[in-house]
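Naming convention: chains lettered A, B, ... in sequence-line order (proteins, then strands); numbering from 1 in each chain.
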Protein chains: 2
Amino acid sequence: MKAAYGEMASGRFGQKISDATVGRLSRYFRTLKYLEERGVDTVSSEELARRNNITSAQVRKDLSFFGAFGRRGLGYNVRELKLNISHILGLDKEWHLALVGVGNIGLALLNFKQFQEQNFHFALLLDSDPRKIGTHLVGLEVKNLENLTVEVKKAHVDIAVIAVPVEAAQKVADALVAAGLRAILNFAPISLFVPQDVTVRNENMVIDIEHLSFSLTQANTK
Amino acid sequence: MKAAYGEMASGRFGQKISDATVGRLSRYFRTLKYLEERGVDTVSSEELARRNNITSAQVRKDLSFFGAFGRRGLGYNVRELKLNISHILGLDKEWHLALVGVGNIGLALLNFKQFQEQNFHFALLLDSDPRKIGTHLVGLEVKNLENLTVEVKKAHVDIAVIAVPVEAAQKVADALVAAGLRAILNFAPISLFVPQDVTVRNENMVIDIEHLSFSLTQANTK
DNA sequence: AATTGTGAACCTCTTCACAGCT
DNA sequence: AGCTGTGAAGAGGTTCACAATT
């Protein structure tokens, strides 16, 4: 979700694009990749909807914010629509990531295949633990967190991943923003305060598992 | 998010409780824990809101679905409200988790402190890789995925965590549902089809990072 | 005086339904 | 005939504003 007084991105006529729509575009993209790999070259909004548990009107409305990509009576060309969504989401570029906090979660992310497959590459590792600084992981040297500003510039970082303990998260976010970064993936279980031109996405597994315990609890209550 | 033809849980007067409200209850809970640890014993909806980047009306509305926990003119008793939310979310029970897929992500989850701290404990590990079956991790033996039904019963599993490759995810979900499970945390980047009484929460880091590349891309477009 | 609890207003997102193309 | 693209309607979620209570 978007954090602190965030601002939404806009579509082709300047509308605000909702987080929900952006999330679904990612899903359509994955579906289209799947279909393309299997040699399918045309798909209807109906099929894209079915494969994602939503309605076909939702699919068409989402796409309509960015253009008219289909052909009436026929549907969408799989390859073409995939390229269009890829461009909308910025997946046709290569992105440089900084990992701040080389702990338990951080290590798992370094080895997370799906990031690499989608052109998201770690270009910088930062930590404050003297025992970690200077060691090498996936071909990268762990740098001192104190030199964040300089290292972020050197590595041409676009997106930062915060994987430090909760107590340090806001301070790290402040430093990242000061260093000019405008996109943060936050794994710390806290609401970060950032300026409105910075986008934060929170990855909070505890909230999701608590949602499940809520569901089970309420089901028994009925 | 809720998957396939999902059904929402209901509040004290039978209203539907939105995912957003449940997510915020988790956040209030964490804020209340933080305040309690620091000896604070009263908090206003205004302060809970400020600490979570939302409005005080939102806080009061969320809580009102479940009861009247505050005192007008005074605010909320921190300890009392924390206990109430804990009960609503089912955090006053101990939950048994099954981890299906002991790979990269799975291993990180086993060592994820925040699950243990919140009474979510792994009670069963399943994998289909013969080299992994029979080995021990965090004091648990990795069991054969083929024996899912029996092992889920034996370990009294409440919640399953799917951390298998995307190709296997739906099959695993089907088996989990057949074994009687009603709550799934899904790390596979796919929309799972499950009956309406089963709650699925998707943990999709690729969608979140693509959201960030979208934000950066749109910002440059302006 | 302060702050909750909540109906009503408001705003946003989803779905309907059909005109418009192919 | 079939399927998209979209304005309008509908549903759902958030915020306002104020009566109720301490």
Side-chain angles (χ1 to χ4, degrees), chain A residues 1-2 4-25 27-28 32 40-50 52-78 80-81 84-85, chain B residues 1-2 4-25 27-28 32 40-78 80-81 84-85 88:
Chain A
M1 80 271 343
K2 198 96 184 198
Y5 37 91
E7 182 192 342
M8 274 185 181
S10 56
R12 61 171 168 163
F13 303 124
Q15 315 96 314
K16 301 300 178 188
I17 303 299
S18 75
D19 285 359
T21 290
V22 179
R24 283 189 300 265
L25 288 177
R27 295 192 165 81
Y28 305 153
L32 291 163
V40 178
D41 45 40
T42 298
V43 68
S44 64
S45 60
E46 190 59 44
E47 183 170 3
L48 279 174
R50 193 175 46 70
N52 290 279
N53 288 321
I54 54 176
T55 66
S56 63
Q58 182 73 79
V59 172
R60 296 197 299 279
K61 184 65 91 179
D62 284 338
L63 296 175
S64 77
F65 293 131
F66 299 97
F69 304 119
R71 269 168 294 183
R72 295 174 194 228
L74 296 171
Y76 303 87
N77 177 282
V78 171
E80 210 176 277
L81 184 57
N84 274 306
I85 295 181
Chain B
M1 86 264 351
K2 200 92 182 198
Y5 38 91
E7 182 192 338
M8 274 182 183
S10 55
R12 60 171 168 163
F13 302 123
Q15 316 97 314
K16 299 301 177 187
I17 302 300
S18 74
D19 285 358
T21 291
V22 180
R24 284 189 298 263
L25 288 178
R27 294 191 167 80
Y28 305 153
L32 291 163
V40 178
D41 46 40
T42 297
V43 68
S44 64
S45 59
E46 190 58 46
E47 182 170 3
L48 279 174
R50 193 176 44 72
R51 290 183 177 273
N52 290 280
N53 286 322
I54 55 176
T55 65
S56 63
Q58 183 72 80
V59 172
R60 296 196 299 277
K61 182 66 89 177
D62 284 337
L63 296 175
S64 76
F65 293 131
F66 300 96
F69 305 118
R71 270 168 292 180
R72 298 175 192 226
L74 295 172
Y76 302 89
N77 178 283
V78 170
E80 211 176 272
L81 183 58
N84 274 306
I85 294 181
I88 292 165

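- Between A:Ile17 atom CD1 and C:dT12 atom C1' the separation is 13 Å, expressed in whole Å.
- Residue A:Ser44 has its side chain nearest to D:dT4 when only D:dG5, C:dT6, D:dT4 are considered.
- With rounding to whole Å, A:Asn84 atom CG is found 11 Å from D:dG5 atom P.
- Atoms OH (A:Tyr76) and C1' (D:dG5) sit 7 Å apart, rounded to a whole Å.
- Two residues are said to be in side-chain contact when any heavy atoms from C-beta on lie closer than 4.5 Å; B:Asp62 and B:Val22 fail this criterion.
- Look at CG on B:Asp19: it is 19 Å from P on D:dA11, rounded to the nearest Å.
- For B:Asp62 and D:dG13, the CG to P distance is 11 Å, given to the nearest whole Å.
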Notebook entry, point to check: Reading nucleotides 15-22 of chain C from the 5' end, what letters show protein touch, with B for base, S for backbone sugar-phosphate only, - for no heavy atom under 4.0 Å?
Noted result: BBB-BBBB

In residues 66-78 of chain B, what donor-acceptor pairs under 3.5 Å come from side-chain atoms, sequence neighbours left out?
from, atom 1, to, atom 2, distance (Å)
B:Asn77, OD1, B:Arg79, N, 3.1
B:Asn77, OD1, B:Glu80, N, 2.9

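- One can place CZ of B:Phe66 at 13 Å from P of C:dT6, the figure rounded to the nearest angstrom.
- Put simply, CG on B:Asn77 is 16 Å from P on D:dT22, counting in whole angstrom units.
- The shortest distance between side-chain heavy atoms of A:Leu32 and A:Leu48 falls below 4.5 Å.
- Taking both residues in full, the closest heavy atoms of B:Ser45 and B:Ser56 are given as OG-CB, 3.6 Å, listed atom of the first, atom of the second, then distance.
- Straight-line distance from the CG atom of B:Leu48 to the C1' atom of C:dT4: 12 Å, rounded to whole Å.
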Check: salt bridge (Lys or Arg N to Asp or Glu O under 4.0 Å) between B:Arg51 and B:Glu47: does it pass, once the steps are laid out?
Finding: CA-CA 6 Å; B:Arg51 290 183 177 273; B:Glu47 182 170 3; 3.1 Å; yes

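- Counting only heavy atoms from C-beta outward, the side chains of A:Tyr28 and A:Leu81 never approach each other to under 4.5 Å.
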